[in-house]
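Here is the structure we will look at.
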There are 2 protein chains.
Amino acid sequence: MTKPPLPTRLSGPAESPGFLLWKISNAWQRRQRAALQPYELTHSQFVLLATATWFATSETLTQARLAQLCGVDPMTTSQVLRALEAAQLIQRVDHPEDPRAKAISVTKAGRDLARKAVVAVEEADAAFFAPLGSDTKRLVAMFQALIEGNERTEADSK
Amino acid sequence: MTKPPLPTRLSGPAESPGFLLWKISNAWQRRQRAALQPYELTHSQFVLLATATWFATSETLTQARLAQLCGVDPMTTSQVLRALEAAQLIQRVDHPEDPRAKAISVTKAGRDLARKAVVAVEEADAAFFAPLGSDTKRLVAMFQALIEGNERTEADSK
DNA sequence: CGCTTATAATAAGCGCGCATACTATCTGAG
DNA sequence: CTCAGATAGTATGCGCGCTTATTATAAGCG
């Protein structure tokens with residue numbers, strides 16, 4: 001070793017938490033894709049459909065509210081919800097009180113599909129994190145700390 | 001509570017490791033995007049450029065080899081490398097021994113940019129995981145276990 | 001009341017991460 | 001040597017995640 005080609009990065013990317021996070025997230029999404037394929041849903045479609053199913057009973061959902069609940073950006077939410085509407089899993093009608101907004105409701109087909117898909121998703125999720133065993137709880141705690149700690153930073157930079 | 005709208009999913013998605021993983025990965029990519037913006041690089045471009053810089057001194061890189069080293073799929077690798085070539089950060093010449101393959105080399109501009117960008121990336125990375133403090137090591141270990149444990153499963157399903 | 005500011009949704013467009021399919025070439029078994 | 005199967009790279013196309021910009025409307029302030 002005369003002169004390493006890059007500063008730091010001591011022994012390749014294998015130990016960088018960010019690099020690993022990226023790889024794991026990709027692997028997880030492949031898993032989810034496979035698990036959701038029988039239902040012809042993508043992961044984002046599932047998240048929005050499931051969350052809408054969950055909250056539609058307790059409040060009148062708008063796209064913006066749903067985006068906030070799921071942590072999906074409003075642009076993507078708009079696009080994905082239109083796909084869900086085209087598949088007749090949800091309905092988007094003009095909001096009774098705010099003509100700018102759309103009121104989101106879930107059709108019976110949507111509810112039924114969500115109920116079936118959520119089982120497959122949670123199964124795939126459990127299988128993916130199974131290698132951690134009981135440490136999974138610890139991972140969840142770390143994840144929550146990361147979200148907490150970075151939410152603030154992101155809000156600052158706006 | 002008369003009848004929950006969905007089976008399981010006991011108290012919303014906030015505790016699902018997969019859901020958290022997805023949110024965190026998105027947040028991390030936003031951070032990386034911001035950190036790399038001054039260099040006009042995307043995350044994938046950086047990873048491929050940095051890895052090429054790292055390994056080009058020790059072996060004759062092909063796209064397939066680079067894809068394998070980075071864990072990026074070959075199709076994306078092809079596309080991203082062409083972007084890097086257009087930016088004159090790498091070169092793709094016909095491989096001397098295998099006419100199917102391209103030999104990848106990094107230009108001086110590419111090396112210089114990689115050297116600068118890697119600092120910004122590692123800084124952003126450190127800031128992102130800072131909330132975990134010394135537990136970061138534990139997270140890395142969990143990540144490695146997850147990759148290990150799921151690599152096998154994915155290979156099986158092919 | 002009028003006016004500024006914030007908000008709901010969308011159009012257009014970019015790059016990644018795939019899946020699928022195709023061409024050209026290498027490699028190994030017989 | 002031949003030929004089947006693996007491999008390197010790419011075209012095409014889809015959906016997400018995001019940026020920027022636009023339209024329409026709501027909400028707050030003087």
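What's counted below: heavy atoms across the whole structure, side chains too, no hydrogens, waters or symmetry copies. Every chain is numbered from 1 and lettered A, B, ... according to where its sequence line falls, protein lines coming before strand lines.
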Under 4.0 Å, counting only non-hydrogen atoms across every strand here, what does A:D73 touch: a base, just sugar-phosphate, or nothing?
base

Please report the distance, rounded to the nearest Å, between CZ in A:R30 and C1' in D:dG15.
16 Å

Heavy atoms from C-beta onward define the side chain here; which of C:dC16, C:dA8, D:dT10 lies closest to that of A:D98?
C:dA8

Indicate the ring-plane relationship of B:F143 and A:F143, choosing parallel, tilted or perpendicular according to the 30° and 60° boundaries.
tilted

Candidates C:dA8, C:dC18, D:dG17 - which lies nearest the side chain of A:A101:
C:dA8

Please classify the nucleic acid contact of A:V72 as base, sugar-phosphate, or nothing, using heavy-atom distances under 4.0 Å.
nothing

Nucleotide paired to D:dG15 in any strand shown, Watson-Crick or G-U, under 3.5 Å:
C:dC16

In whole Å, I'd like the distance from the CG atom of A:N26 to the C1' atom of D:dG17.
13 Å

Picking from C:dG15, D:dG17, D:dA8, which would you name as closest to the side chain of B:W22?
D:dG17

Out of curiosity, does B:L113 fall in the hydrophobic cluster containing B:L36 (side-chain heavy atoms, cut-off under 4.5 Å, transitive links)?
yes

Once rounded to the nearest 0.5 Å, what's the spacing between atom CH2 of B:W28 and atom CG of A:L146?
12.5 Å

Checking C:dT10, C:dG17, D:dC16 against the side chain of A:R92 (C-beta onward), the nearest is C:dT10

The side chain of A:R100 lies closest to which of these nucleotides: D:dA24, D:dG15, D:dA8?
D:dA24

Sugar-phosphate, base or nothing in reach of B:Q29, heavy atoms under 4.0 Å:
nothing

Starting the side chain at C-beta, find the nucleotide from C:dC18, D:dC18, C:dC16 nearest to B:M75.
C:dC18

Same cluster for B:V121 and B:Y39 if Ile/Leu/Val/Met/Phe/Trp/Tyr side chains link at under 4.5 Å?
yes

Any B:S78 side-chain nitrogen or oxygen under 4.0 Å from OP1 or OP2 of D:dA8
no

Counting any heavy atom closer than 4.0 Å, what does A:R65 reach on the DNA or RNA strands: base, sugar-phosphate only, or nothing?
nothing

Taking any heavy-atom pair under 4.0 Å as a contact, classify A:T76: base, sugar-phosphate, or nothing.
base

